[in-house]
Each structure stands twice: as C-alpha cells, then as structure tokens.
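Note that the structure is a prediction, hence the values are computed from the model and not measured.
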Amino acid sequence: MLLLEALGSALLGLALAGVALRVLARRLPSPKMVLVSGVLGALFGAYLTQFALGPGHNTLFATLVGSVLVSAVVLSLLLRPGAGPRRSSRRAPFSLPSQG
C-alpha cells in the first residue's frame with residue numbers, strides 16, 4: 001500500500017507541475033526545477049499526511065489529497081510576480097494625502 005501511495009503521489013505531483021508549466025510558464029523558473037519541485041512536494045505531502053494521520057488511519061484518498069495540497073503550496077512558492085501594468089506611487093511611504 002505504501003508503494004502505491006508514493007507512486008500515486010509522485011505522479012500527481014508531476015501532473016500538477018506539468019499543468020503549472022503549461023498555464024504559468026512565464027512566471028515560473030526552469031521547467032526542470034518546477035517538475036522536480038512538484039514531485040518532491042507531493043512526496044513530502046504524502047509523508048506529512050501519513051505522519052499526521054498516524055497508524056491505523058491510513059487511507060489512500062487522504063494521502064493523495066495531502067500530497068496534492070503540499071505540492072501546490074511548493075509550486076506556488078516558485079511563482080514570480082507578473083509583468084502587468086504597475087502603478088507607481090509618487091508619495092513617500094506612510095504619508096498622508098495633502099488637502100491642496
């Protein structure tokens with residue numbers, strides 16, 4: 001059962017990383033790093049879920065959900081800011097607007 005959970009988690013992490021690369025390619029670093037991070041995040045998520053549930057509560061569905069959630073968090077940490085239009089603030093930080 002443990003091998004099935006690890007393999008399923010790794011495949012789900014790889015799929016999630018592939019989707020992220022397809023949708024957010026401009027905002028992510030190199031594809032190799034994204035794929036490795038997705039898989040490792042999913043494997044860590046599976047381990048973390050197994051540890052949190054404890055012995056006797058090993059369910060495949062909960063482990064896979066935990067692995068996908070942690071993988072998504074790891075992939076979100078790789079995102080860079082978008083290159084959209086930015087408003088520049090000309091006033092100093094923490095200043096109040098003037099009345100005139």
Checklist entry - Which heavy atom of Gly13 sits nearest a heavy atom of Ser71, and at what distance? => result CA-OG, 3.9 Å
Checklist entry - Taking Ser9 for the side chain and Glu5 for the main chain, is one N or O donor matched with an acceptor at less than 3.5 Å? => result yes
Checklist entry - Does Leu35 share a hydrophobic cluster with Val23, counting links as ILVMFWY side-chain heavy atoms below 4.5 Å and allowing steps through other members? => result yes
Checklist entry - Would Met33 end up clustered with Leu43 when hydrophobic side chains under 4.5 Å apart are linked, directly or stepwise? => result yes
Checklist entry - Is the backbone of Leu79 close enough, under 3.5 Å, to the side chain of Arg27 for a donor and an acceptor to pair up by distance? => result no
Checklist entry - Going by the angle between their ring planes, with limits at 30° and 60°, are Tyr47 and Phe51 parallel, tilted or perpendicular? => result parallel
Checklist outcome for this item: Ser67 and Ala42 have their tightest heavy-atom pair at CB-O, 3.1 Å
Item to check | Leu2 reachable from Leu64 in the ILVMFWY side-chain graph, under 4.5 Å edges | outcome: no
Checklist entry - Can you tell which of Val19, Val36, Val39 makes a side-chain contact (heavy atoms from CB on, under 4.5 Å) with Leu14? => result Val39
Checklist entry - When hydrophobic residues are tied together by side-chain contacts of less than 4.5 Å, even through go-betweens, does Phe44 share a cluster with Leu40? => result no
Checklist entry - With distance as the sole test, does Ser76 use its side chain to make a donor-acceptor pair with the main-chain N or O of Val73 at under 3.5 Å? => result yes
Item to check | Minimal non-hydrogen separation, Gly41 against Val70, with atom names | outcome: O-CG1, 3.4 Å
Item to check | Closest approach of Ala17 to Gly38 (non-hydrogen atoms, all atoms of both residues) | outcome: CB-CA, 4.1 Å
Item to check | Sub-4.5 Å side-chain heavy-atom contact between Val34 and Leu78 | outcome: yes
Item to check | Where Leu16 and Val68 come nearest, the two heavy atoms and their spacing | outcome: CD2-O, 3.8 Å
Checklist entry - Nearest heavy-atom pair of Gly66 and Thr49: which atoms, and what distance? => result CA-OG1, 3.3 Å
Checklist entry - Counting heavy atoms not belonging to Arg22, are there more than 12 under 6.0 Å from its CZ? => result no
